[in-house]
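Structure record follows, encoded as structure tokens.
No hydrogens, no waters, no symmetry mates; every other heavy atom, side chains included, goes into these values. Letters A, B, ... mirror the listed sequences (proteins, then strands); counts begin at 1.
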Amino acid sequence: MPELPEVETTRRGIAAHATGRRVRAVVVRNPALRWPVPNDLPERLSGRTVRAVRRRGKYLLLETDGGSVIMHLGMSGSLRIVRMSDAPGRHDHLDIVFDDGRALRLHDPRRFGAVLWSERPEAHRLLRGLGPEPWDATAEYLHRRSRGRRQAVKSFIMDSRTIVGVGNIYASESLFEAGIRPRRAAGRVSLEEYSRLAAAIIEVLERSIRLGGTTLRDFVSATGEPGYFRRTLGVYERRGQPCRTCGAAIKRLVMVGRASYYCPRCQR
DNA sequence: ACACTAACCTGCAAGC
DNA sequence: TGCTTGCAGGTTAGTG
């Protein structure tokens with residue numbers, strides 16, 4: 001499900017409710033996520049106060065005075081603020097219960113998500129090697145880093161070591177905006193093209209954040225609302241439909257097992 | 001260093 | 001009505 005706009009939308013919803021709240025309890029119903037939820041998470045987190053809710057790439061960080069919960073939503077995860085009295089449903093694997101009777105509840109059917117604990121999250125192995133946030137990734141940086149690479153430019157920008165937050169939807173959308181075909185070798189994309197691409201990534205992500213992200217199937221924000229970016233998608237899941245710019249039929253291809261969409265006329 | 005693959009897991013839709 | 005197949009928003013670990 002979630003790429004950067006969905007994670008950021010979730011972060012804002014959680015922050016509004018969790019910041020300054022004390023954790024009363026942690027209820028783990030199913031610890032079998034991407035990695036096991038640490039056994040000692042309840043004891044480490046209970047009694048602590050949430051100081052801030054931050055995002056790094058697609059990771060959410062629930063910061064307390066004594067350490068941070070690192071959360072990832074994987075493909076199908078969502079986090080909602082619920083009342084403690086709301087009965088958990090299927091795939092509601094974990095609750096972080098606050099002192100006001102509300103709880104942060106993780107729902108994740110596919111269980112590709114993660115909930116971990118770290119006293120220094122920025123040094124955690126999952127976060128350590130991450131590339132820059134999109135707002136800090138310049139055209140010069142992308143150009144320099146891609147020299148000599150034969151990897152497809154779409155795979156290059158979806159690699160979190162290159163730049164964080166760009167998943168399958170926004171990679172296709174950004175490349176469409178920038179007029180670059182997804183299969184082009186990253187090392188053969190010019191500085192001028194990376195300049196368009198860097199700007200397109202920021203523009204697309206910001207526009208999606210404003211609309212609350214993209215709900216393809218089941219994404220909901222912390223307040224339970226879907227995102228409305230889907231209606232404005234230029235190419236994603238629009239195979240055969242006319243390009244909104246030139247009218248040509250949108251094409252679909254599969255790269256590294258992931259669907260990619262592009263306009264054969266606008267993108268070169 | 002780079003690039004590709006398999007793997008983790010469930011749900012849903014389409015086709016037979 | 002099943003049953004099988006393919007596909008889905010992510011990322012790591014392993015291989016060559």
So, is [X] close to the [N] phosphate, meaning a side-chain N or O under 4.0 Å from OP1 or OP2?
X: A:Q151; N: B:dA3; result: yes
X: A:R111; N: B:dT10; result: yes
X: A:R258; N: C:dC7; result: no
X: A:R149; N: B:dC2; result: yes
X: A:H91; N: B:dC9; result: no
X: A:R125; N: C:dA13; result: yes
X: A:H72; N: C:dT11; result: yes

[X] atom [atom1], over 12 foreign heavy atoms within 6.0 Å:
X: A:R22; atom1: CZ; answer: no
X: A:R183; atom1: CZ; answer: no
X: A:D65; atom1: CG; answer: yes
X: A:R147; atom1: CZ; answer: yes

Quick one: [X] [atom1] to [N] [atom2], roughly how many Å, whole number?
X: A:E3; N: C:dA8; atom1: CD; atom2: C1'; answer: 12 Å
X: A:R230; N: C:dA8; atom1: CZ; atom2: C1'; answer: 12 Å
X: A:D218; N: C:dG10; atom1: CG; atom2: P; answer: 13 Å
X: A:K154; N: B:dA3; atom1: NZ; atom2: P; answer: 16 Å
X: A:L205; N: C:dG9; atom1: CG; atom2: P; answer: 16 Å
X: A:K58; N: C:dT12; atom1: NZ; atom2: P; answer: 10 Å
X: A:M255; N: C:dA8; atom1: CE; atom2: P; answer: 14 Å
X: A:H107; N: B:dG11; atom1: NE2; atom2: P; answer: 9 Å

What interatomic distance, in whole Å, is found between [atom1] of [M] and the corresponding atom of [N]?
N: B:dT5; M: C:dC7; atom1: P; result: 16 Å
N: C:dG14; M: B:dC9; atom1: P; result: 16 Å
N: C:dG6; M: B:dA6; atom1: P; result: 14 Å

Using a heavy-atom cut-off of 4.0 Å across all strands, would you classify [X] as base, sugar-phosphate, or nothing?
X: A:R90; result: sugar-phosphate
X: A:F156; result: nothing
X: A:A259; result: sugar-phosphate
X: A:R161; result: nothing
X: A:R239; result: nothing

Report the nucleotide, chosen from [options], that has the shortest atom-to-atom distance to any side-chain atom of [X].
X: A:Y59; options: C:dA8, C:dG10, C:dT12; value: C:dT12
X: A:L126; options: B:dT10, C:dG9, C:dT12; value: C:dT12
X: A:P2; options: C:dG10, B:dC9, C:dT12; value: C:dG10
X: A:R34; options: C:dG9, B:dC8, B:dC9; value: B:dC8
X: A:F112; options: C:dT12, C:dA8, B:dC9; value: B:dC9

Validation row: A:V97, A:V26 side chains within 4.5 angstrom (heavy atoms)
no
For C:dG9, the Watson-Crick or wobble partner whose two distances fall under 3.5 Å
none
Are the aromatic ring centres of A:F219 and A:F229 under 6.0 angstrom apart?
no
Lys/Arg cation over aromatic A:W117: A:R48, 6.0 Å, 45° cone
no
